[in-house]
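Data block below; observations after.
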There are 2 protein chains.
Amino acid sequence: MSKESYWTQDPSGLLRVESGFKLVASPTDGHPGFDGNKAAGRAALKEGALVLADLQERLFAHHQTGDDGRRILLVLQAMDTAGKGGILKHVIGTVDPQGVQLAAFKKPTDEELEHDFLWRIRKEVPEPGNIGVFDRSHYEDVLIARVREFATPEEIERRYGAINEFEAELVGEGTAIIKVMLHISAEEQKKRLLDRLRRREKQWKYNPSDVDERMLGPKYQEAYQIAFDRTSTPIAPWYVVPADHKWYARLAVQHLLIQALQALELEWPKPDYDVEAEKARLIAS
Amino acid sequence: MSKESYWTQDPSGLLRVESGFKLVASPTDGHPGFDGNKAAGRAALKEGALVLADLQERLFAHHQTGDDGRRILLVLQAMDTAGKGGILKHVIGTVDPQGVQLAAFKKPTDEELEHDFLWRIRKEVPEPGNIGVFDRSHYEDVLIARVREFATPEEIERRYGAINEFEAELVGEGTAIIKVMLHISAEEQKKRLLDRLRRREKQWKYNPSDVDERMLGPKYQEAYQIAFDRTSTPIAPWYVVPADHKWYARLAVQHLLIQALQALELEWPKPDYDVEAEKARLIAS
């Protein structure tokens, strides 16, 4: 199994939310563990894409041949413009789409609101053998729900525990969970929103509510901090990824995926048929 | 809107199944409309990927901004090893995964068998704004079902009509349907199956039933011919794509997608907010 050589230090240790972590003190513009510029970062991303694609195929192969329930779940959370879409396109987009399950969680529907907040989430848990990605997730129910007071404080309080139980259940079934918050500065966000407003082909991505949300930035920071404190567990830790440099955020998330897959030690599955007998049968056909 | 310049003749006209089409007389090793070799084909595929990605984003943008129900459905049918997986990876895999909905139809489950054959298909119809891909499809129910006699002749007979009605309904809702059969020779299939048996990292893709199916090749050809005769309609025609050259099949399917998207004449949607007012509000935030 090849390994990515371009890290000076394992970024997962540098980015993992440990006890005592403070989001407000966490930089948005660094590139921890990578000692290079944008061009070097992009070259590294290409190299990593080959490693990731190989590992993903092994995971997929294991399931196709009737192996265990192993799968990956990448949870992506961020403020607008922080680069979730870019991760999907430039990291997830490089692996075989047959082994990927994307779920984007928007504003809940009326039907969804009639159920527990995990109801719609459970329906999108990835199948064994797949890499699942949640573009926003059950964390919205303790983030925007907290900031916008969509639920009572008691209900929000209950949810942290429910999330930990839910994630422990997934891990127990063979899911490796990677929870990522893409962290950008208010200045960088302003720049990116302005860019959306200025470019004809990006204007559709802008919504006036983006500015309303932006003005609640400090409240969101607080909600994220509480979510980290309550749900960054040893079995499903959070990673806060500096995202002012898009190239770095992509490289770091790619690495987290590679690492989670490498930990599964996936050899190519052994055939459950007689290879030589099948060759003979095929040649005669 | 850019256009692909590398076709000497529009391949869609050359590959479309028209009245009088005979599958047995249809070559598997040509590259109709493209006057170049493998290297040129691969370069063209890269060029086309940019065109396709741009068009896909426009389609996606239209839906995000509350536009109509337009969407694309690519139906892929083929014998084993003909290259469906390669199409998914190298054609579909080049567009933003957020706008793609893949559905792979395997052997029906017991629950699925209790319902009409279109029941499981309807659940996977792509959402507006998306490119949906059926990796195998409702056509299995008149192909393998016919060859293996999984249904009575009367039921198979009924299904052709049901398929045409179903597809007319989808088209009526704004779906552009592209139905593709990847056509390979028996010799090329043998070569590819042998390759799977010989390479450790490909053995998991092989199943002894592949040879059983292979030996039914002529019966499948007959079943495909009847399906074409009955379901290649003006609103949802079939395309038979020579697939002995993987590079050609990918380029041809990419073109069919590009053409279907171009026909939608997708301009970037107009913002439904006041751009200048939003700029001012953002700058002040």
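Order of the sequence lines fixes the chain letters, A, B, ..., with proteins taken first and strands second; residue numbering starts at 1 for each chain. For clarity, every value in this text was computed on a predicted model and none was experimentally measured.
- Of the listed residues (B:H90, B:Q101, B:R214, B:E276), the one with the most heavy-atom contacts under 4.5 Å to chain A is B:R214.
- Heavy-atom neighbours of A:K123 NZ from other residues, nucleotides or ligands within 6.0 Å: above the threshold of 12.
- Rounded to the nearest 0.5 Å, atoms CG (B:L193) and NZ (A:K279) are 13.0 Å apart.
- Heavy atoms closer than 4.5 Å to chain A are found nowhere in B:D272, neither backbone nor side chain.
- If you take CG on B:L194 and CD1 on A:I283, they are separated by 5.0 Å, rounding to the nearest 0.5 Å.
- If you tally non-hydrogen atom pairs under 4.5 Å between each of B:P208, B:G85, B:A104 and chain A, the highest count goes to B:P208.
- Contact count against chain A (heavy-atom pairs under 4.5 Å) is highest for B:Q98 among B:K202, B:K205, B:Q98.
- The pair B:D210-A:R281 does not count as a salt bridge, with every side-chain nitrogen at least 4.0 angstrom from each carboxylate oxygen.
- Taken from NZ in A:K89 to CD in B:E57, the straight-line distance is 5.0 Å, to the nearest 0.5 Å.
- Other residues, nucleotides and ligands contribute only 12 or fewer heavy atoms inside 6.0 Å of the CZ atom of B:R42.
- Ring orientation note: the planes of B:F60 and A:W204 are nearly perpendicular, at an angle over 60° on the 30°/60° scale.
- Between chain B and the options A:A277, A:S285, A:G217, A:P271, heavy-atom pairs under 4.5 Å are most frequent for A:S285.
- At a 4.5 Å heavy-atom cutoff, A:K84 makes no contact with chain B through either its backbone or its side chain.
- Of all residues in residues 183-191 of chain B, those placing a non-hydrogen atom less than 4.5 angstrom from a non-hydrogen atom of chain A are B:K190.
- Residues B:G93 and A:P97 come closest through the heavy atom pair CA-CG, 4.0 Å.
- Of the atoms belonging to B:K270, heavy atoms from both backbone and side chain fall under 4.5 Å from chain A.
- When heavy atoms are compared at a cutoff of 4.5 Å, A:D274 does not approach chain B at all.
- Listed here is the closest heavy atom pair of B:L197 and A:L282: CD1-CD2, 4.0 Å.
- Only the side chain of A:L102 has a heavy atom closer than 4.5 Å to any heavy atom of chain B.
- With a 4.5 Å cut-off on non-hydrogen atoms, B:R200 touches chain A through its backbone and its side chain both.
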